[in-house]
> 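Below is one structure. I have some questions about it.
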Amino acid sequence: MKIRILKNELNESIQHVAKAISSRTTIPILTGIKLEVNFQGMILTASDTDISIQAFIPTEDDKKTIVTVERPGSVVLPAKFFVEIIKKLPSQEIEMEVKEGFQTFIRSGATDIQMVGLDPEEFPVLPSVEEDQVVSIPGDLLRNMIKQTVFSISTHETTPILTGVLWNLNDNLFKFVATDRHRLASRIAPLEDADNIRFSNIVISGKTLNELSKIIPDQNTRVDIVVADNQVLFKIDRVLFYSRILDGTYPDTSKIIPTTYKTELVLDTKKLSESIDRAYLLSREEKTNIVRLQTLEDGTIEISSSSSELGKVTEQIDVVDFKGDPLRISFNSKYMLDVLKVVESEQLHISFNGPMSPIIVKPVDESRSLYLILPYRTTN
């Protein structure tokens with residue numbers, strides 16, 4: 001293999017595929033990035049067996065030459081060093097040559113580097129995915145749906161299925177659900193051109209979805225999603241992102257969401273967020289994160305928290321609308337702040353069925369998101 005390639009293009013593709021490299025792998029070949037060169041361009045591949053990412057760099061783009069191929073070939077290079085060194089090379093053009101025994105020579109400006117490569121034949125083959133069910137979704141919508149649900153996954157490996165986000169697609173409605181048994185986040189989006197496509201119980205690791213969202217470009221790029229038996233493939237521009245589907249059946253969460261409420265509040269999102277953030281400072285010191293919310297007779301609500309060492313925070317917030325019974329409830333302030341960080345609506349609809357029933361939070365101007373937080377039982 002012998003090529004000349006533009007540094008920026010190579011570096012961008014390396015950054016994408018490197019997200020699939022795991023430092024914990026016991027398989028030596030998976031600590032590397034596989035490079036394959038033919039006369040159409042270069043393909044980079046990395047995998048940790050749970051996710052695999054492949055990026056393609058064409059020889060030309062918009063009549064600009066990116067890769068000049070003198071001799072096709074392939075090699076696996078150690079990712080840790082390769083990722084860092086390409087970023088730091090001095091010149092905009094890089095020469096790469098692979099000789100006998102996979103010895104790889106990289107030249108850029110006055111810099112010469114020699115790397116010990118590995119045999120690409122030992123690198124695992126990417127999963128084969130039947131493209132029967134392909135869903136197309138705007139990239140910014142997919143990234144938002146991930147952001148608005150993934151924070152509610154469980155971080156405990158004792159229940160692996162809850163470390164993922166549940167995906168269902170039915171009647172052109174794409175639904176994400178995440179829960180750690182103490183809170184829940186769900187988001188629905190209508191999709192065009194998905195009339196005949198249905199799937200359920202597709203659960204994808206939250207860590208994987210976080211890595212995926214970093215690859216989706218800011219400009220409005222469409223992402224094609226291909227769902228197969230145990231894999232999901234995401235196609236984003238010239239990047240292919242494969243993810244394993246988590247094994248197991250996701251619990252039915254529909255039964256825990258109330259349909260009627262005894263107390264309903266409409267609050268200003270920013271004011272509530274700032275108030276709970278201040279109360280969180282004390283509750284965090286107490287290592288409980290407990291904050292109390294109480295409705296008052298003058299039509300305001302009181303947010304309070306206390307610390308045995310530091311003292312107490314109490315403040316009132318005006319309510320935009322209030323219906324139903326008076327209420328005093330305690331909850332995990334960090335869980336509520338996580339919700340408030342991802343809500344894009346200026347006002348929130350918060351509903352209760354009493355001090356020991358789930359708290360339901362919905363953005364006022366956007367009916368497709370729902371958040372649930374279980375309250376705390378407190379003695380005072």
Side-chain angles (χ1 to χ4, degrees), residues 17-31 45-54 123-135 137 142-143 145-170 173-189 191 194 197-216 223-236 239-257 372:
V17 301
K19 291 177 173 57
I21 302 283
S22 168
S23 56
R24 299 194 304 272
T25 183
T26 54
I27 307 164
I29 198 81
L30 293 184
T31 60
T45 311
S47 178
D48 70 354
T49 66
D50 283 337
I51 66 170
S52 303
I53 305 174
Q54 189 171 80
F123 201 86
V125 178
L126 284 181
S128 111
V129 174
E130 293 286 328
E131 299 200 12
D132 296 337
Q133 300 213 76
V134 182
V135 178
I137 182 170
L142 177 59
R143 200 169 49 229
M145 291 180 76
I146 292 169
K147 182 180 84 170
Q148 290 169 351
T149 52
V150 77
F151 65 88
S152 285
I153 62 164
S154 172
T155 53
H156 298 296
E157 297 295 335
T158 46
T159 47
I161 198 77
L162 295 185
T163 64
V165 177
L166 172 68
W167 288 16
N168 288 317
L169 175 60
N170 199 14
L173 288 178
F174 200 15
K175 184 175 184 182
F176 286 21
V177 176
T179 183
D180 63 2
R181 292 208 173 98
H182 302 288
R183 56 178 167 175
L184 176 144
S186 90
R187 173 79 158 85
I188 298 173
L191 293 186
I197 301 175
R198 285 177 170 74
F199 52 73
S200 58
N201 202 49
I202 302 295
V203 185
I204 301 174
S205 156
K207 286 180 186 172
T208 296
L209 291 174
N210 278 327
E211 294 302 339
L212 173 70
S213 63
K214 292 173 192 170
I215 288 177
I216 300 169
V223 178
D224 286 343
I225 303 171
V226 185
V227 178
D229 289 343
N230 62 348
Q231 291 279 338
V232 177
L233 165 61
F234 302 90
K235 297 178 164 186
I236 311 156
V239 176
L240 302 179
F241 188 113
Y242 296 81
S243 168
R244 187 174 65 82
I245 295 170
L246 296 183
D247 296 326
T249 303
Y250 205 85
D252 180 5
T253 57
S254 60
K255 296 182 179 67
I256 63 170
I257 298 166
L372 178 151

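Computed from heavy atoms alone, side chains included, the values below leave out hydrogens, waters and symmetry copies.
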> Where is the tightest heavy-atom contact between E130 and V226, given as atom of each residue plus distance?
O-CG1, 3.6 Å

> Using side-chain heavy atoms (C-beta onward) and a distance below 4.5 Å, is L184 in contact with S186?
yes

> Under 30°, 30 to 60°, or over 60°: which ring-plane class applies to F174 and F199, parallel, tilted or perpendicular?
perpendicular

> Listed by chain and number, what are the side-chain contact (heavy atoms from CB on, under 4.5 Å) partners of T159, not counting sequence neighbours?
S154, L162, R181

> Ignoring hydrogens, what is the shortest heavy-atom contact between I146 and S213? Give both atom names and the distance.
CD1-CB, 4.3 Å

> Are L169 and R198 close enough that some pair of their side-chain heavy atoms sits under 4.5 Å apart?
no

> If every non-hydrogen atom of F234 is compared with every non-hydrogen atom of I225, which pair is closest and at what distance?
CD2-CG1, 3.8 Å

> Can you measure from CG (L240) to CG (L126) and round to the nearest 0.5 angstrom?
8.0 Å

> So do R244 and Q231 actually touch side chain to side chain, heavy atoms under 4.5 Å?
yes

> Closest heavy-atom contact between P251 and I161?
CD-CG2, 4.5 Å

> Please say whether more than 12 non-hydrogen atoms of neighbouring residues, nucleotides or ligands are located less than 6.0 Å from CG in D229.
no

> To check you understand the geometry: which heavy-atom pair defines the closest contact between Q54 and T45, and what is its length?
NE2-OG1, 3.1 Å

> State the CD1-CZ distance between I153 and R183, to the nearest 0.5 angstrom.
9.0 Å

> For the CG atom of D247 and the CG atom of N230, what is their distance to the nearest 0.5 Å?
8.0 Å

> So which of I202, V227, I245 actually passes side chain to side chain contact (heavy atoms under 4.5 Å, CB included) with W167?
I202

> Counting heavy atoms not belonging to K19, are there more than 12 under 6.0 Å from its NZ?
yes

> Taking only residues two or more places apart in sequence, or in another chain, which ones meet P124 in a side-chain contact (heavy atoms from CB on, under 4.5 Å)?
I29, L30

> Is there a donor-acceptor pair closer than 3.5 Å between any side-chain N or O of N170 and the backbone N or O of L173?
no

> Using side-chain heavy atoms (C-beta onward) and a distance below 4.5 Å, is L212 in contact with L142?
yes

> Looking at G248, is its backbone amide N or carbonyl O close enough to the side chain of N201 to form a donor-acceptor pair, meaning the two atoms are under 3.5 Å apart?
yes

> Side chains of M145 and I137: closer than 4.5 Å at any heavy-atom pair?
yes

> Are the side chain of D50 and the backbone N or O of S243 linked by a donor-acceptor pair below 3.5 Å?
no

> Taking all non-hydrogen atoms of both residues into account, name the closest pair between T25 and I27 and its distance.
OG1-N, 3.2 Å

> Any heavy-atom pair between the side chains of V17 and I53 that's under 4.5 Å?
yes

> With the side chain counted from C-beta on, respond yes when S200 and N168 share a heavy-atom pair under 4.5 Å apart, and no when they do not.
yes

> I need the F241 CZ to E211 CD distance, nearest 0.5 Å.
7.0 Å

> OG/S47 to CZ/F123 distance, rounded to the nearest 0.5 angstrom?
5.5 Å

